[in-house]
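Following: one structure in structure tokens, then a few remarks.
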Amino acid sequence: MRVLLVGAGGVGGAITRIAARRPFFEAMVVADYDPDRATAAVAALGDDPRFTAERVDAGDEAAVAALLASHRCDVLLNATDPRFVMPLFRAARAAGATYVDMAMSLSRPHPELPYEECGVKLGDEQFAQAGQWEKEGLLALVGMGVEPGLSDVFARHAADELFDEIEEIGIRDGANLTVDGYDFAPSFSIWTTIEECLNPPVVYEADRGWYTTAPFSEPEVFDFPEGIGEVECVNVEHEEVLLIPRWVDARRVTFKYGLGREFVETLRTLHLLGLDRTDPVTVPGPRGPVAVSPRDVVAACLPDPATLGERMHGKTCAGTWVRGVKDGRPREVYLYHVVDNQWSMAEYGSQAVVWQTAVNPVVALELLATGAWSGSGVLGPEAFPARPFLDLLTAYGSPWGMREQ
């Protein structure tokens, strides 16, 4: 397997550190718009000859396809933000390469009823091309991070081995992470966080299909394992709700994120001031007017999450809560994966949230390389058997857990 990794930021850098310990691939080309960032990611690995650095604009489909061809890469792993999903998705297909991402094509709210009906859903643009990928015998494995990704694998595992009937699947994400020296410092990309938290959340019900609610709706307190404790979680737009019902039979699917009230109020303020917008606004500059995206300004004013590891303390938990019936009796479980920031920093030099996101696509690549996972079309993690993934994740030194509720 020869991999083109596009994006050498926090998650991309963590991917290289995790992959460097595994023998399943022949080469990994680390490409970024900023060549210094790609070079630094490769240099941090020492003298591993499998890794090389390149510069590429993720929005330039022809350049990406040419880079895939010049390095004979048969896989494109997308570690950029969701704005670049579609150009990279199309470039991979044009080059005849397998495509893997951790977040899907962007949504657009319903123009008249944003908090009742779906407009363009997450992943719709990708699924619209599923027939072409399948016809050409190519695979696009979409949503293969931690959430979406591992959370979807948990849903498939629950359906295969733990339940006869599933009433509800609820992704529940929470943490007790703190960052020294900052009153507000998101542990993941603020651009992506704004996108998913301020868009209308999507809920799935078997007798209704997909529908939307208001941001931060239906708050609940969820007790997270391994000392994290109770965290208030709210509805947030996320890919699992769009992916799981395609392959797993469940009457209801939700995603709730443990943001905390202070974080929610900060996001609401950004929205109130229009600072969550992506359309450029014109501002004065020393050489004349300049067009800038308000959301990009917010991101530039906050610390890079990848650099916060030394200041972070605590744990992050991603998991899938499932309620249903097994052998005629009600059952309720929480399948989860916890990463302690102290461990991930000591072991890999990556903060917990980005490391937890990064490990899952590497596990998936190894399953594809060995043939344990295979297929064609546009497929989510639920389309593949869960047990090989969960076993290999444990073999990577990062075990998962299950709690009977």
Original post:
For G7 and A79, which heavy atoms make the closest approach, and how far apart are they?
Top reply: O-CB, 3.7 Å

Original post:
Does a side-chain heavy-atom distance below 4.5 Å link N341 with H313?
Top reply: no

Original post:
Is the count of non-hydrogen atoms from other residues, nucleotides or ligands lying under 6.0 Å from E262 atom CD greater than 12?
Top reply: no

Subject >> Pair E404-R331, side-chain contact (heavy atoms from CB on, under 4.5 Å): steps then yes or no >> reply: CA-CA 8 Å; E404 296 279 355; R331 189 181 194 186; 2.5 Å; yes

Original post:
Does the side-chain contact (heavy atoms from CB on, under 4.5 Å) test come out yes or no for V85 and Q126, once each step is laid out?
Top reply: CA-CA 9 Å; V85 163; Q126 289 171 287; 3.5 Å; yes

Original post:
Checking W373 side chain against F389 main chain: does a donor-acceptor pair fall under 3.5 Å?
Top reply: no

Original post:
Nearest 0.5 Å, what's the CD-CZ distance between E237 and F255?
Top reply: 10.5 Å

Subject >> Interatomic spacing from CE in M104 to CZ in F89 - rounded to 0.5 Å >> reply: 8.5 Å

Subject >> Non-hydrogen side-chain atoms of I15 and M102 separated by less than 4.5 Å >> reply: yes

**OP:** Take the angle between the ring planes of Y334 and Y336 and call it parallel below 30°, perpendicular above 60°, tilted in between.
**Re:** parallel

Original post:
Can you tell which of E205, E220, R172 makes a side-chain hydrogen bond (donor to acceptor under 3.5 Å, both in side chains) with T254?
Top reply: R172

Original post:
Which residues satisfy the side chain to side chain contact (heavy atoms under 4.5 Å, CB included) test with E347, sequence neighbours excluded?
Top reply: R21, W343

Subject >> Non-hydrogen side-chain atoms of P82 and T192 separated by less than 4.5 Å >> reply: yes

**OP:** May I ask you to decide if W133's main-chain N or O and R93's side chain share a donor-acceptor pair within less than 3.5 Å?
**Re:** no

Original post:
For T52, which residues count as a side chain to side chain contact (heavy atoms under 4.5 Å, CB included) partner, sequence neighbours excluded?
Top reply: V29, H71

Subject >> Test side chain to side chain donor-acceptor pair (under 3.5 Å) applied to T80 - qualifying residues, sequence neighbours left out >> reply: N78

Original post:
Distance from L177 atom CG to M312 atom CE, nearest 0.5 Å?
Top reply: 4.0 Å

Return a table of donor-acceptor pairs under 3.5 angstrom between the side chains of residues 144-158 and protein atoms on other chains or two or more places apart.
{"unit_1": "E147", "atom_1": "OE2", "unit_2": "G319", "atom_2": "N", "d": "3.3"}
{"unit_1": "S151", "atom_1": "OG", "unit_2": "V146", "atom_2": "O", "d": "3.3"}
{"unit_1": "S151", "atom_1": "OG", "unit_2": "E240", "atom_2": "OE2", "d": "2.7"}
{"unit_1": "D152", "atom_1": "OD1", "unit_2": "G149", "atom_2": "N", "d": "2.7"}
{"unit_1": "R156", "atom_1": "NE", "unit_2": "D160", "atom_2": "OD1", "d": "3.1"}
{"unit_1": "R156", "atom_1": "NE", "unit_2": "D160", "atom_2": "OD2", "d": "2.7"}
{"unit_1": "R156", "atom_1": "NH1", "unit_2": "E382", "atom_2": "O", "d": "2.7"}
{"unit_1": "R156", "atom_1": "NH1", "unit_2": "F384", "atom_2": "O", "d": "3.2"}

Subject >> Over all atoms of both residues, closest heavy-atom pair of D327 and D164 >> reply: N-OD2, 2.7 Å

Original post:
Does some side-chain heavy atom of H238 sit less than 4.5 Å from a side-chain heavy atom of I171?
Top reply: no

Original post:
What's the spacing between N360 CG and L365 CG if we round to 0.5 Å?
Top reply: 11.0 Å

Original post:
Within a strict 4.5 Å, meaning less than it, do heavy atoms of the R311 and Q351 side chains meet?
Top reply: no

**OP:** State whether the side chain of T316 and the backbone N or O of V339 hold a donor-acceptor pair below 3.5 Å, judged by distance alone.
**Re:** no

Subject >> R2 charged N/C atom sitting above F25 aromatic ring, 6.0 Å / 45° >> reply: no

Original post:
How many angstroms lie between atom CG of L308 and atom CE of M345, to the nearest 0.5 angstrom?
Top reply: 9.5 Å

**OP:** Taking atom OH of Y33 as the centre, report whether more than 12 heavy atoms of other residues, nucleotides or ligands fall under 6.0 Å from it.
**Re:** no

**OP:** Would you indicate whether the side-chain heavy atoms of V142 and E239 approach each other to under 4.5 Å?
**Re:** no

Original post:
Any donor-acceptor pair under 3.5 Å linking the side chain of S107 with the backbone of K121?
Top reply: no

Subject >> Closest non-hydrogen atom pair, N199 against P109 >> reply: OD1-CG, 4.5 Å

Original post:
What's the shortest heavy-atom distance between L106 and V120, and which atoms?
Top reply: O-CG1, 4.2 Å

**OP:** Compare every heavy atom of A41 with every heavy atom of V30, then report the nearest pair and how far apart it is.
**Re:** CG1-CB, 4.3 Å

**OP:** Report yes if the side chains of E195 and R83 come closer than 4.5 Å at any heavy-atom pair, otherwise no.
**Re:** no

**OP:** Kindly compute the distance separating CG (L275) from OG (S293), expressed to the nearest 0.5 Å.
**Re:** 10.0 Å

Original post:
Mind checking what makes side chain to side chain donor-acceptor pair (under 3.5 Å) contact with H337, not counting sequence neighbours?
Top reply: Q356, S398

Subject >> Minimum heavy-atom distance C118-V202, with the two atoms named >> reply: SG-CG1, 4.1 Å

Original post:
Any chance CG of D249 has more than 12 other-residue heavy atoms, nucleotides or ligands included, within less than 6.0 Å?
Top reply: no

Original post:
Do other residues, nucleotides or ligands put more than 12 heavy atoms under 6.0 Å from E332 CD?
Top reply: yes

Original post:
For the side chain of R295 and the backbone of R277, is there at least one donor-acceptor N/O pair under 3.5 Å apart?
Top reply: no

May I have the list of side-chain donor-acceptor pairs in residues 221-236 shorter than 3.5 Å, sequence neighbours left out?
{"unit_1": "E232", "atom_1": "OE2", "unit_2": "R261", "atom_2": "NH2", "d": "3.4"}
{"unit_1": "N235", "atom_1": "ND2", "unit_2": "S217", "atom_2": "OG", "d": "3.1"}
{"unit_1": "N235", "atom_1": "ND2", "unit_2": "E218", "atom_2": "OE1", "d": "3.1"}

Original post:
Would F84 and V6 count as a side-chain contact (heavy atoms from CB on, under 4.5 Å) if you check the C-alpha gap in whole Å, the side-chain angles of each, and the deciding distance to 0.1 Å?
Top reply: CA-CA 10 Å; F84 299 103; V6 183; over 6 Å; no

**OP:** Tell me whether the guanidinium CZ or amine NZ of R246 lies under 6.0 angstrom from the six-membered ring centre of Y204 and within 45° of its axis.
**Re:** no

**OP:** Indicate yes or no: at least one non-hydrogen side-chain atom of L198 is less than 4.5 angstrom from one of L267.
**Re:** yes

Original post:
Could you go step by step and tell me if F127 and L242 meet the side-chain contact (heavy atoms from CB on, under 4.5 Å) rule?
Top reply: CA-CA 11 Å; F127 282 118; L242 288 312; 5.9 Å; no

